[in-house]
> 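My questions all concern the structure below.
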Amino acid sequence: MKKLLMTLSMTAFLCVLAAQSFNWYSQSDTRWKQNTLGTSRSSIGKSGCVLSCLSMLLNAEASNPRVTPDKLNTWLRGNSGFARGNLMRWEVPGDIDGKGLGLELVSQISKANDWEYLSNELTKGNKVIVKVAGRRNHWVLVIRQEGAANSPASYVINDPGMKEYERRTLAHFGGFRAARSYSGNWLDEDAFNLTSEIYVSPIETYETFLYELINQPSPADVYVTLKNNLSVEISGYFILGLFDKDDNLLRAIDYEQASILAQASIDLLYEMPDYTSLNEEGADLRIIYSKHFSSMPSKNEILALPSTGLLNYTNDSTH
């Protein structure tokens, strides 16, 4: 069996996945909050809300490598991304992967609470960064609409001003004063499709007896077919995770590093060292996508695909 590279630190760190299905970064993250923003005297922690929103977009766009606020800050410094110290040149971040290839600024307005504009942009599949009401100069990312177009409570946001993620809408700020809309190929649940249920192939019954005889766990192979619904290639790490009935990740079992061509499918094979863990009440296997591999990846950079159910496995281990 393939040697597993998952570590206990990864398992502990990912015990609970964030509720949102789109990337979120805090400008106050200790990894970058003290970094100088652009060429100004300010820091990402104090003034990096726009930078953090753009990093969320870039990291959730299929054509880009992993992008975090500190990496984007460095790239923008070297590519004329800031004006007068730390003012964002809004069109420049889209050049990080080449013009017309991924993230692109498509429109912008400076009209307060233009709900028709915001709703139309989201309907097109775009994501919108808005300057919120009630704060002097704070920007958040609007990721989707859930409800009537003219209600601030209908617009779900990722707020980089939070130290810990919590679900918010524009109602938290009472509205918005300006907006920038971006298009892209977003790595969310719609980007992937599990075309078959997760197929678990335990060892034969007589082999199970032998493993039990020597007090060793009973392994299984796990198969899944995954389709890329986007018009561009998706590359990254596809992790097999064991979840409990409350959708908490108990542990990472195995992973495949793979690229899936546009509108194509791929067969993934995993090795499960001990399939008896599936006997736990409510235990389920799910595929987790991550743009990069780390022994301690941020839970806000990981996408757990919806459960599809298990094939060829029953709790009494007959098959």
> Would you check if K46 and L37 make a side-chain contact, meaning some heavy-atom pair closer than 4.5 Å?
no
> Does any non-hydrogen side-chain atom of P306 lie less than 4.5 Å from one of E189?
yes
> Under 6.0 Å from the CZ atom of R31, do we count more than 12 heavy atoms belonging to anything else shown?
yes
> Would you give the length of the straight line joining atom CD of Q257 to atom CG of L268, rounded to the nearest 0.5 angstrom?
12.0 Å
> Give the minimum heavy-atom separation between L57 and K127, together with the two atoms involved.
CD2-CB, 3.5 Å
> Check whether any side-chain heavy atom of D95 lies under 4.5 Å from a side-chain heavy atom of N79, and answer yes or no.
no
> As a quick check of understanding, evaluate side-chain contact (heavy atoms from CB on, under 4.5 Å) for K227 and F192, giving each step before the final call.
CA-CA 6 Å; K227 182 181 179 183; F192 299 99; over 6 Å; no
> Looking at Y270, is its backbone amide N or carbonyl O close enough to the side chain of Y255 to form a donor-acceptor pair, meaning the two atoms are under 3.5 Å apart?
no
> D159 and side-chain hydrogen bond (donor to acceptor under 3.5 Å, both in side chains): which partner among H138, R167, H172?
H138
> Within the 3.5 Å criterion, strictly below it, is a donor on S63 or D97 matched to an acceptor on the partner's side chain?
no
> Could you go through L311 and Y223, starting from their C-alpha distance and side-chain angles, then the distance that decides it, and tell me whether this counts as side-chain contact (heavy atoms from CB on, under 4.5 Å)?
CA-CA 10 Å; L311 280 177; Y223 306 86; over 6 Å; no
> Heavy atoms, side chains only, cut-off 4.5 Å: are F243 and I288 in contact?
yes
> Check the hydrophobic clustering (I, L, V, M, F, W, Y; side-chain heavy atoms under 4.5 Å; chains of links allowed) and say if W32 and I96 are grouped together.
yes
> Look only at the side chain of K291 and the backbone of N64, and say whether a donor-acceptor pair between them is shorter than 3.5 Å.
yes
> How many angstroms lie between atom CG of L310 and atom OH of Y199, to the nearest 0.5 angstrom?
12.0 Å
> Is there a donor-acceptor pair closer than 3.5 Å between any side-chain N or O of Y155 and the backbone N or O of A171?
no
> Do Y25 and W75 share a hydrophobic cluster, counting only Ile, Leu, Val, Met, Phe, Trp and Tyr and linking them when any side-chain heavy atoms are less than 4.5 Å apart?
yes
> Might you work through the side-chain contact (heavy atoms from CB on, under 4.5 Å) test for Y182 and L141, ending with a clear yes or no?
CA-CA 10 Å; Y182 288 86; L141 173 64; over 6 Å; no
> Roughly how far, to the nearest 0.5 Å, is OG of S183 from CG of L103?
7.0 Å
> Report yes if the side chains of V224 and F238 come closer than 4.5 Å at any heavy-atom pair, otherwise no.
no
> R180 side chain to Q108 main-chain N or O, any donor-acceptor pair under 3.5 Å?
no
> T195 side chain to T225 main-chain N or O, any donor-acceptor pair under 3.5 Å?
yes
> How long is the gap from CG on L226 to OG on S196, to the nearest 0.5 Å?
9.0 Å
> In Å and rounded to the nearest 0.5 Å, what is the CD to CG distance from E197 to L285?
12.0 Å
> Closest heavy-atom contact between I239 and A252?
CG2-CB, 3.9 Å
> Side chain of N86, backbone of T39: donor and acceptor closer than 3.5 Å?
no
> Surrounding CD of E146 (heavy atoms of other residues, nucleotides or ligands, distance under 6.0 Å), is the total greater than 12?
yes
> Quick check: closest heavy atoms across M56 and P160, and the distance to 0.1 Å?
CE-CB, 3.8 Å
> Testing the basics here: between N229 and Q263, what is the closest heavy-atom pair and its distance to 0.1 Å?
O-NE2, 2.5 Å
> So Y117 and S107, side-chain hydrogen bond (donor to acceptor under 3.5 Å, both in side chains) or not? Walk me through it.
CA-CA 10 Å; Y117 169 85; S107 66; 2.7 Å; yes
> Report the residues that fulfil salt bridge (Lys or Arg N to Asp or Glu O under 4.0 Å) with E166, sequence neighbours left out, ordered by chain and then residue number.
R168
> Compare every heavy atom of V132 with every heavy atom of R177, then report the nearest pair and how far apart it is.
NE-O, 3.2 Å
> Looking at CG of L51 and CE of M88, how far apart are the two atoms once the value is rounded to the nearest 0.5 Å?
5.0 Å
> If hydrophobic clusters are built from ILVMFWY residues whose side chains come within less than 4.5 Å, do L303 and I266 share one?
yes
> If I compare all heavy atoms of S181 with all of N126, which pair ends up nearest, and what's the gap?
OG-CB, 3.4 Å
> Do you reckon W186 sits in the same ILVMFWY cluster as V140, going by side-chain contacts under 4.5 Å, direct or chained?
no
> Would you call K131 and N137 a side-chain contact if the rule is heavy atoms closer than 4.5 Å?
yes
> Short question: side chain of K33, backbone of S26 - any donor-acceptor pair under 3.5 Å?
no
> Please check if the side chain of D244 supplies one atom and the backbone of D246 the other of a donor-acceptor pair under 3.5 Å.
yes
> So does T74 get a backbone contact from the side chain of D70, meaning a donor-acceptor N/O pair under 3.5 Å?
no
> State, with a plain yes or no, whether a side-chain heavy atom of L269 is found less than 4.5 Å away from one of D267.
no
> Kindly work out whether a path of hydrophobic side-chain contacts (I/L/V/M/F/W/Y, heavy atoms less than 4.5 Å apart) joins I44 to M162.
yes
> Let's go through F173 and I157 carefully: what are the C-alpha distance in whole Å and the side-chain angles of both, what is the deciding distance for side-chain contact (heavy atoms from CB on, under 4.5 Å) to 0.1 Å, and is it a yes or a no?
CA-CA 11 Å; F173 297 100; I157 63 173; 3.8 Å; yes
> May I ask you to decide if P69's main-chain N or O and N73's side chain share a donor-acceptor pair within less than 3.5 Å?
no
> Going by heavy atoms in the side chains, are W115 and P152 under 4.5 Å from each other?
yes
> Please walk me through it: do N23 and N59 pass side-chain hydrogen bond (donor to acceptor under 3.5 Å, both in side chains)?
CA-CA 7 Å; N23 291 260; N59 198 49; 2.8 Å; yes
